[in-house]
Enquirer: 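Before I ask anything, here is the structure I am working with.
Numbered from 1 within each chain, the chains take letters A, B, ... in sequence-line order. Being a predicted model, the structure only gives us computed values, none of them experimental.
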2 protein chains.
Amino acid sequence: MKAEAEQKEGGTAPADSARPDTKEVILDAAERLFAEKSYASVSLRELTAAAGVNLAAVNYHFGSKDALLVAVFRRGAVALNRERARLLREAEERAGGGTPPLREIVEALIAPAIRYSFTSNRLALYNQFVAFARGDGPPEAREMLDKDVGHLQRFVLPLARALPHLPQQEVYWRLHFVMGVQHSLYTDMKRLETLSGGQCHLDNLPAVTARVVDFVVAGLEAPHRVV
Amino acid sequence: MKAEAEQKEGGTAPADSARPDTKEVILDAAERLFAEKSYASVSLRELTAAAGVNLAAVNYHFGSKDALLVAVFRRGAVALNRERARLLREAEERAGGGTPPLREIVEALIAPAIRYSFTSNRLALYNQFVAFARGDGPPEAREMLDKDVGHLQRFVLPLARALPHLPQQEVYWRLHFVMGVQHSLYTDMKRLETLSGGQCHLDNLPAVTARVVDFVVAGLEAPHRVV
DNA sequence: GGTTGACGCAAACACTTGTTTGAAACTAGC
DNA sequence: GCTAGTTTCAAACAAGTGTTTGCGTCAACC
C-alpha cells in the first residue's frame with residue numbers, strides 16, 4: 001500500500017501510455033462537480049461514479065475528501081498564477097523596464113481566469129473554497145489561500161505605478177473589486193441570459209475578455225474622491 | 001398539528017410579546033450559518049443548537065431543510081428589492097419625470113445590499129443559492145431566482161437612459177458586472193485585509209459605499225468599443 | 001519464475017444526516 | 001375547569017456519509 005496523498009510533483013505526470021490516469025480523472029470530475037453543485041453536496045459515490053473510478057480511489061490517491069478539494073484548488077491556482085505571472089512579465093518586458101500600460105496589466109490578471117473558465121468554470125469554486133478554508137477545513141487550506149493572495153500581491157506595484165493618482169489603500173480596494181467582477185462572471189451566467197432575454201451569452205472568448213477589461217480599467221482609472 | 005410551512009405573511013409578524021419567536025430565530029441563525037459555512041455543510045443539529053431551539057423545530061415550522069433555505073433567501077430578497085425599488089422611485093421623483101443621474105441609480109441598486117451585508121452578510125449566500133436552485137433544489141428555488149432577476153429588470157431602462165452611448169446588450173453585460181462587484185464584496189473580505197496588510201477594513205458604511213459606487217459608475221460610463 | 005509494490009475492487013464499518021413520531025407543555029375560548 | 005389547537009421536546013428511524021479493510025490483479029525487476 002502507498003502512504004496517503006504523497007506528492008511526487010516531479011513535473012506534469014508524463015502519462016506515457018493511454019491509461020486513464022485515475023488521479024487526473026478524479027481531479028477533473030471533482031473540479032466540475034464541486035463547481036456545479038457544491039463541495040459538501042457532492043458525495044464521493046456520485047463523484048467516483050461520474051469519474052468512472054472505484055469508490056475507494058479518492059481515499060487511496062488523495063487521503064480524504066478534504067484533501068481532494070485542496071488538491072483541486074491547488075492545481076487550478078498553480079496553473080492560473082503561472083499564466084498570470086508569465087503575461088505580466090511579458091508586458092513588463094515590452095515596456096522595457098518602464099511601467100506597462102494599465103490595460104495590459106489588467107489583461108494579464110484576468111484573461112487567464114476567463115480563458116480557464118471557458119472550459120472548467122473553476123471560478124465558481126473559489127468562494128466555496130474560501131468558506132471551506134475559514135470554516136471546518138484543514139489548516140492547509142488556509143495556507144493555500146494566503147499563498148494565492150501572495151501571488152496577487154505581485155500585481156500591486158505595477159497597478160500602483162499605472163495609477164499614480166490613487167493612494168495605496170485605494171489600489172487595494174479596487175484590485176479587490178476587479179477580482180470580484182472576475183469571480184462572479186460565470187457563477188451565474190444564467191442571470192445574465194435571463195436578464196437580457198437571451199440576447200447575451202458566452203460568444204467568443206476575446207469579446208468577453210474585452211468587455212470585462214473595458215469595464216474594470218475604467219473603474220480603476222476613476223478619480224479618487226476624498227471621503 | 002399544523003400543516004407544513006404555511007405562510008401567514010400578513011405583514012411583518014408583530015411579535016407582540018417578548019417571546020423568542022422561534023421562526024424568526026431560526027431564520028436568523030440559518031442566514032448567518034449558511035453564509036459563513038455553506039448550506040450543505042451546516043447540519044440541522046448544529047443550526048438548531050446555535051438558534052437555541054429544538055431539532056424538530058425546523059421541520060415543524062418550515063417543512064424541510066430545503067424549504068428553510070428558500071425561506072431564508074426569500075426574506076432577504078424581499079427586503080432588498082423593496083428597499084431598492086423605494087430608492088429608485090425617490091430618485092426618479094427628484095428627477096421630476098426625467099432620467100435620474102447615473103450615480104443615484106447605481107446607489108439605489110447597491111447601497112441597500114451593502115447596508116444589509118454590514119449586519120448579515122447575506123450576499124455570500126447568493127452564489128450558493130444559485131447553485132442550489134440549478135442543482136438538486138426544488139423548482140420553487142428556481143422560480144425565486146427568476147423573480148429576483150425580474151426585480152433587477154426594473155433598473156435596465158433607467159440605466160439605458162443614463163448611458164445613451166451604450167447599445168442595450170452592453171447595458172445588460174455591465175449591469176451583470178456591477179452585480180458581480182456587489183456580490184463578492186464581502187464574500188472574502190479576508191483577502192482584502194491580507195492583501196493590504198491590514199490597511200483596508202470595513203470602516204464606516206458610507207465610505208465603502210462611495211468607493212464601490214465610484215468604481216462601478218466609472219465602469220458603466222466606459223466608452224463602448226466595437227469588437 | 002518468483003517476489004515486490006502499486007493499484008483496483010466489492011464489501012463492510014462506524015457515524016451522521018434529515019425526518020418522523022408520540023407524548024408533554026403551553027395558550028387561549030367558553 | 002375543561003377543551004381544542006398550537007408549539008416544544010426527547011427519542012427513534014431509515015438512509016446516506018466518508019473511510020477502512022482484505023483480497024484480487026497487473027506490471028516490473030532480480
Enquirer: Without decimals, in angstroms, what is the distance between Lys23(B) NZ and dT8(D) C1'?
Expert: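 Taking NZ of Lys23(B) and C1' of dT8(D), I get 16 Å after rounding.
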Enquirer: In this structure, how many angstroms lie between the P atom of dG18(C) and the CG atom of Asn59(B), rounded?
Expert: 9 Å
Enquirer: Between P on dT7(D) and CG on Asp21(B), what's the gap in Å once rounded to a whole number?
Expert: 10 Å
Enquirer: The test is side-chain contact (heavy atoms from CB on, under 4.5 Å); show your working for Val58(A) and Val53(A) and say whether it passes.
Expert: CA-CA 9 Å; Val58(A) 168; Val53(A) 302; 5.7 Å; no
Enquirer: Can you find a side chain N or O atom of Ser64(A) that sits less than 4.0 Å from OP1 or OP2 on dG18(D)?
Expert: no
Enquirer: Honestly, is Lys37(B) close enough over Phe132(A), meaning NZ or CZ under 6.0 Å from the six-membered ring centre and within 45° of the axis?
Expert: no
Enquirer: Is Thr22(A) close enough to dG8(C) that one of its side-chain N or O atoms is under 4.0 Å from OP1 or OP2 there?
Expert: yes
Enquirer: So, is His61(A) close to the dA6(C) phosphate, meaning a side-chain N or O under 4.0 Å from OP1 or OP2?
Expert: no
Enquirer: Ion pair present between Glu93(A) and Arg89(A), side-chain N to carboxylate O less than 4.0 angstrom?
Expert: no
Enquirer: Would you mind telling me which residue lines up with the more 5' stretch of DNA chain D, Asn54(B) or Ala56(A), judged by nearest nucleotide?
Expert: Asn54(B)
Enquirer: Rounded to whole angstroms, how far apart are CZ on Phe62(A) and P on dG18(D)?
Expert: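 In whole Å, dG18(D) P lies 15 Å from Phe62(A) CZ.
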Enquirer: For Arg86(A), is there an ion pair with Glu83(A) - N to carboxylate O distance below 4.0 angstrom?
Expert: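 Yes, Glu83(A) and Arg86(A) are salt-bridged.
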Enquirer: Just how far, in rounded Å, is P of dT19(C) from CG of Leu47(B)?
Expert: 12 Å
Enquirer: Checking contacts here: which listed nucleotide (dG8(C), dA12(C), dT19(C)) is nearest the side-chain heavy atoms of Leu55(A)?
Expert: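 The answer is dA12(C), which lies nearest to the side chain.
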Enquirer: Please work out which of the three classes, parallel, tilted or perpendicular, describes the rings of Phe215(B) and Phe215(A), given edges at 30° and 60°.
Expert: perpendicular
Enquirer: According to the interplanar angle, ranging from 0 to 90°, do the rings of His176(B) and Trp173(B) count as parallel (below 30°), tilted (30 to 60°) or perpendicular (above 60°)?
Expert: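 Plane angle over 60°, so perpendicular.
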Enquirer: Just how far, in rounded Å, is P of dG22(C) from OH of Tyr60(B)?
Expert: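 In whole Å, dG22(C) P lies 16 Å from Tyr60(B) OH.
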Enquirer: Need to verify one output field. Residue with the more 5' nearest nucleotide on DNA chain C, Gly52(A) or Lys65(B)?
Expert: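 Checking each residue's closest nucleotide, the 5'-ward one belongs to Gly52(A).
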Enquirer: Looking at residues 38-46 of chain A, who's got a heavy atom less than 4.0 Å off DNA chain C?
Expert: Arg45(A)
Enquirer: Is Lys65(B) close enough and on-axis enough to Tyr39(B), meaning under 6.0 Å and within 45°, for cation-pi?
Expert: yes
